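Structure record follows, encoded as structure tokens.
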Protein chains: 2
Amino acid sequence: MDNSALQEKVKSVFVLYLKGKGGRCTPERLEVLKTVVDIPSHFKLDTLMELLVQKNFRVSRTTLYNTIYELEDAGIVSACRIGHDMYYEMSFERPRHHHQVCTRCGRITEFQNIELDEAIAKAKYRRFTMADYTLSVYGICTSCVTQMRREEKKKKNKNINKQ
Amino acid sequence: MDNSALQEKVKSVFVLYLKGKGGRCTPERLEVLKTVVDIPSHFKLDTLMELLVQKNFRVSRTTLYNTIYELEDAGIVSACRIGHDMYYEMSFERPRHHHQVCTRCGRITEFQNIELDEAIAKAKYRRFTMADYTLSVYGICTSCVTQMRREEKKKKNKNINKQ
DNA sequence: GTCAGTGCAAACTTTTTGCAACTAC
DNA sequence: GTAGTTGCAAAAAGTTTGCACTGAC
């Protein structure tokens with residue numbers, strides 16, 4: 001599906017959702033949605049704000065929060081806490097994925113793993129019916145490992161020179 | 001291991017950690033640690049504050065944050081975001097577990113699942129070395145399901161009486 | 001015309017920071 | 001004695017709320 005087709009589809013879902021609850025299709029909501037759909041992965045509310053400013057579309061923080069919550073409710077956007085920050089991302093028709101957080105550089109990347117998803121879906125829960133889940137994995141990304149090795153080498157060389 | 005043995009063990013770990021980095025064993029830190037060890041599961045910083053107040057032990061918020069961060073660093077406490085709130089829990093010598101969050105009543109319970117842990121440990125990650133992870137499962141707990149059914153029944157009965 | 005939605009400012013919550021006084025070592 | 005810690009108060013960051021005005025229906 002190309003971007004404009006996705007845009008249309010998501011928009012119609014949101015419009016239907018709004019109609020269903022007696023909500024209104026304001027230009028703010030539609031523009032926020034459009035911007036969100038164009039973001040390829042997770043984003044902070046601040047980033048979304050900036051993107052809208054870049055488009056010369058002024059929205060208040062209040063409306064941004066309001067709209068994001070509506071989008072969550074409509075099942076188009078999902079929220080997740082990573083570390084100390086709140087991130088959002090379009091979840092509509094995106095395959096499920098998880099987040100890898102590098103505890104050194106802070107970069108957050110995504111990975112998919114169907115076996116894992118199945119294991120979580122099949123797991124037995126205590127007096128509980130699972131509907132959704134978030135998995136965040138913490139560790140070190142390979143580029144940080146490389147960098148750390150390089151730094152260590154430098155340190156060792158310095159020590160040798162000192163002796 | 002009974003509670004006082006655990007208390008001793010955890011304390012010695014913390015003291016060693018503090019010595020190792022040239023930190024100091026202040027009465028505040030030791031009392032916070034003792035209180036944390038006595039909490040059976042996850043807690044908010046505010047709850048910890050209240051428990052200390054109940055003990056007539058005055059600590060400032062600043063010190064509480066400071067100490068919790070030290071405890072995290074020492075590997076005694078781990079932090080996790082659930083929904084909009086930050087929780088802490090003693091992780092020292094506790095088996096790994098995950099959180100089930102009921103999206104209706106907000107109650108957070110724990111569950112263990114070794115197969116899941118193994119699946120996560122064995123999973124292939126993209127340019128990344130996994131060190132730790134958090135899994136939060138969202139859904140409805142059985143007591144909420146029961147309550148919802150009861151309410152639905154009541155509603156139906158009302159409608160029948162109206163007709 | 002009506003009522004939901006918007007934007008602003010202010011409030012609120014949680015966490016961080018600067019600094020003087022204190023105290024563990 | 002001295003450096004790490006504490007507690008306060010203020011600042012900062014993120015989110016929510018009250019309210020008058022606006023505009024989608």
Side-chain angles (χ1 to χ4, degrees), chain A residues 11-12 14-36 42-53 55-74 77-88 106, chain B residues 11-12 14-36 42-53 55-74 77-88 106:
Chain A
K11 183 176 162 182
S12 72
F14 192 38
V15 170
L16 272 166
Y17 160 84
L18 287 171
K19 288 220 167 124
K21 63 172 282 215
R24 286 173 188 175
C25 280
T26 65
E28 286 83 4
R29 286 176 173 175
L30 296 181
E31 193 63 40
V32 169
L33 175 61
K34 206 191 279 180
T35 311
V36 164
H42 48 265
F43 57 89
K44 289 198 205 175
L45 207 105
D46 251 14
T47 316
L48 180 54
M49 191 84 192
E50 272 168 40
L51 287 170
L52 286 158
V53 169
K55 280 189 186 181
N56 273 327
F57 194 93
R58 285 245 329 112
V59 212
S60 69
R61 220 143 247 290
T62 315
T63 301
L64 218 53
Y65 277 110
N66 173 337
T67 308
I68 279 287
Y69 296 154
E70 294 292 354
L71 287 170
E72 270 191 83
D73 229 48
V77 157
S78 67
C80 65
R81 285 263 180 196
I82 300 177
H84 277 216
D85 302 308
M86 180 70 104
Y87 288 89
Y88 299 94
Chain B
K11 183 177 162 181
S12 72
F14 193 38
V15 170
L16 271 168
Y17 161 83
L18 287 171
K19 289 221 166 123
K21 63 169 283 212
R24 284 175 189 174
C25 281
T26 64
E28 286 83 4
R29 285 175 175 175
L30 295 182
E31 192 63 40
V32 169
L33 175 61
K34 205 192 280 178
T35 312
V36 163
H42 48 265
F43 57 89
K44 289 200 206 177
L45 205 107
D46 248 16
T47 316
L48 179 55
M49 189 86 195
E50 273 168 40
L51 287 170
L52 286 158
V53 168
K55 280 190 186 179
N56 271 329
F57 193 93
R58 285 246 326 112
V59 214
S60 70
R61 222 144 245 289
T62 314
T63 301
L64 217 55
Y65 277 110
N66 174 338
T67 307
I68 278 286
Y69 295 155
E70 293 292 355
L71 288 170
E72 271 190 81
D73 229 47
V77 156
S78 67
C80 65
R81 285 263 181 196
I82 299 177
H84 278 217
D85 302 308
M86 180 70 103
Y87 289 88
Y88 299 94

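Every chain is numbered from 1, with letters handed out A, B, ... down the list of sequences. Nothing here was measured: the structure is a model prediction, and the numbers come from that model.
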5'-most by nearest nucleotide on DNA chain C - B/Asp46 or B/Glu28: B/Asp46

Along DNA chain C (nearest heavy atom to each residue), the more 5'-positioned of A/Glu70 and A/Arg58: A/Glu70

Is any side-chain heavy atom of [X] closer than 4.5 Å to a side-chain heavy atom of [Y]?
X: A/Asn66; Y: A/Arg29; value: yes
X: A/Val59; Y: A/Glu31; value: no
X: A/Leu52; Y: A/Leu64; value: yes
X: B/Glu72; Y: B/Ile68; value: yes
X: B/Val32; Y: B/Phe57; value: no
X: B/Thr26; Y: B/Thr63; value: no

Sugar-phosphate, base or nothing in reach of A/Thr62, heavy atoms under 4.0 Å: base

Span of DNA chain C, from the first to the last nucleotide whose atoms fall under 4.0 Å of chain A heavy atoms: C/dC3 to C/dA9

Nearest-nucleotide 5' precedence on DNA chain D, B/Val59 against B/Gly22: B/Gly22

First-last contacting nucleotides on DNA chain D - partner chain A, under 4.0 angstrom, heavy atom: D/dG14 to D/dC25

Aromatic plane relationship, A/Tyr88 with A/Phe43 - under 30° parallel, 30 to 60° tilted, over 60° perpendicular: tilted

Under 3.5 Å side-chain donor-acceptor pair for B/Tyr17 and B/Glu70: yes

